[in-house]
There are 2 protein chains.
Amino acid sequence: MPKLIDHEHRREEIAEAVWRVILREGVGAVSVRTVAAEANLAVGSVRHVFPSKKELLEFSMALVHARARERVVRHTGLHDPRELAEAILHELLPLDSTRRAEMELEVAIIAETPAHPGLRAIQEEAHRGVRAACHGVLRHLLDRGRVHPDADLDAETLRLHALLDGLALHALTSEGAPEAVAERTTGVLRAHLDSLRPPA
Amino acid sequence: MPKLIDHEHRREEIAEAVWRVILREGVGAVSVRTVAAEANLAVGSVRHVFPSKKELLEFSMALVHARARERVVRHTGLHDPRELAEAILHELLPLDSTRRAEMELEVAIIAETPAHPGLRAIQEEAHRGVRAACHGVLRHLLDRGRVHPDADLDAETLRLHALLDGLALHALTSEGAPEAVAERTTGVLRAHLDSLRPPA
DNA sequence: ATCACAGTAGCACAGTCGTGCTAACATGGA
DNA sequence: TCCATGTTAGCACGACTGTGCTACTGTGAT
């Protein structure tokens with residue numbers, strides 16, 4: 001038997017190279033050659049693991065969502081419902097460079113769907129995941145009396161989800177120091193959750 | 001004097017060809033050649049008006065915003081504050097094919113900024129415009145007693161703006177019949193404006 | 001020591017890209 | 001009628017693209 005390579009690990013290394021290229025030069029700069037150079041591999045090696053560009057791109061984008069999902073579930077043990085809510089929702093906002101990169105990649109995915117229809121399903125699955133997270137957070141808050149009992153849970157889920165993604169988009173495109181942007185973003189989210197509380 | 005061409009008109013025709021290419025095949029498919037073909041012009045004619053691809057792309061994207069702005073200001077005469085608010089905000093949501101196309105182009109602009117830094121300023125100007133529209137709408141509602149007088153106008157502006165763009169993003173990516181999506185989107189917005197009203 | 005074969009390296013092909021450039025064309029003022 | 005010139009048309013260049021393909025390398029089980 002010849003030398004064996006951990007395929008999954010290699011695929012993730014290459015996907016991360018794809019990410020770096022997109023963040024630095026945009027999706028348009030992603031090519032088998034640029035990615036191979038970024039990963040310090042020969043083109044042949046990349047194509048050995050990803051036979052076509054389509055698979056390269058789809059795997060890289062799906063991995064973005066997988067990583068985010070991992071981070072979110074890591075918070076599910078928190079007890080205080082408000083703490084849990086903010087921890088989970090903050091994972092889905094571009095508050096540091098890692099999460100910011102994820103959001104930039106998310107936009108790139110959406111923008112690329114006309115050219116790569118295979119990305120649509122990947123994007124939709126992530127969309128449903130975030131929606132479910134919003135629903136879960138609100139349900140938890142409602143059950144613990146932190147949300148007005150007359151609230152329409154489904155409607156509030158739509159509103160929170162839209163607010164969350166809108167804040168994410170704005171944090172991505174707005175100018176200013178990262179800390180100031182993060183502070184403003186979390187402030188809006190905090191105020192929104194406050195506005196859902198039952199009267200004291 | 002030889003044949004004269006209305007340059008401004010020609011530029012808009014070409015920009016609309018750029019839009020069609022982006023919507024059908026993605027930003028990556030925009031090239032001097034594909035755009036010339038889409039506009040039924042020779043490459044030379046396109047390059048006569050837009051000497052480089054950079055200018056072609058930047059003008060096309062700026063025109064997206066100009067068109068949207070035109071539509072928004074057309075509503076400024078409305079009397080009822082709530083009617084005015086919804087009319088303006090609806091112009092900024094992808095509720096029909098025209099506005100949907102605009103939102104797709106908006107995402108393409110954001111995704112292209114790493115590759116074309118000149119688009120950043122264009123995007124930021126549009127961002128400030130929408131923010132100002134949200135502020136104006138809320139100020140108007142507040143002055144007419146349709147918003148709780150204790151409300152923090154600046155904070156509510158940030159929240160409404162994020163909600164609006166989040167709803168726009170979701171209307172863009174969500175599956176389902178366009179009418180159903182539009183109904184759900186406007187419903188969330190209506191509920192949000194209701195939640196800002198002073199107690200009866 | 002041998003050798004099957006996973007992994008690496010890279011050439012070749014046909015196609016597209018942006019841009020510099022020249023040449024033809026057509027038209028309105030003289 | 002004639003010509004200056006705005007407009008159109010398109011060739012040429014070097015660079016880049018995705019993919020098919022072959023040749024080489026190194027390793028670990030036999």
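Only this structure's heavy atoms are used, side chains among them; waters, hydrogens and symmetry mates stay out. Chain naming here is simple, since letters A, B, ... match the order of the sequence lines and numbering starts at 1 in each.
- When hydrophobic residues (I, L, V, M, F, W, Y) are linked wherever their side-chain heavy atoms come within less than 4.5 Å, the members clustered with L172(B) are M103(A), V107(A), I110(A), L169(A), L172(A), M103(B), V107(B), I110(B), L169(B).
- Nearest to the side-chain atoms of S45(A) among the listed nucleotides dT17(D), dT8(D), dT8(C) stands dT8(C).
- Nearest-nucleotide positions on DNA chain D for R33(B) and D6(B) put D6(B) closer to the 5' end.
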Between the protein and nucleotides 20-24 of chain C, list the N/O to N/O atom pairs that are separated by less than 3.5 angstrom.
| residue | atom | partner | partner atom | Å |
| --- | --- | --- | --- | --- |
| dG20(C) | N7 | R47(B) | NH1 | 3.0 |

Please tabulate, one pair per line, all N/O donor-acceptor pairs under 3.5 Å involving side-chain atoms of residues 136-145 of chain A, not counting sequence neighbours.
| residue | atom | partner | partner atom | Å |
| --- | --- | --- | --- | --- |
| H140(A) | NE2 | R144(A) | NH2 | 3.1 |

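- In the model, H75(B) has a side-chain atom that pairs as donor or acceptor with a side-chain atom of E91(B) under 3.5 Å.
- When all heavy atoms of A108(A) and A111(B) are compared, the closest pair comes out as CA-CB, 4.2 Å.
- One finds no side-chain N or O of H7(A) lying less than 4.0 angstrom from the OP1 or OP2 phosphate oxygen of dA6(C).
- Within residues 34-44 of chain A, the residues that have a heavy atom under 4.0 Å from DNA chain C are, in order of number, A42(A), G44(A).
- V49(A) comes within 4.0 angstrom of nothing in the nucleic acid, heavy atoms only.
- Between the side chains of R197(A) and H148(A), no donor-acceptor pair is found at a separation under 3.5 Å.
- Listed by chain and number, the residues in a side-chain hydrogen bond (donor to acceptor under 3.5 Å, both in side chains) with E102(B) are R71(B) (sequence neighbours excluded).
- The two residues L164(A) and C134(A) make their nearest non-hydrogen contact at CD2-SG, 4.1 Å.
- Phosphate contact (OP1/OP2 of dG6(D), side-chain N/O of R10(B), threshold under 4.0 Å): absent.
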Extract all donor-acceptor atom pairs below 3.5 Å that involve side chains of residues 121-129 of chain A and protein atoms in other chains or at least two apart in sequence.
| residue | atom | partner | partner atom | Å |
| --- | --- | --- | --- | --- |
| E124(A) | OE2 | R120(A) | NE | 3.3 |
| R128(A) | NH1 | E175(B) | OE2 | 3.3 |

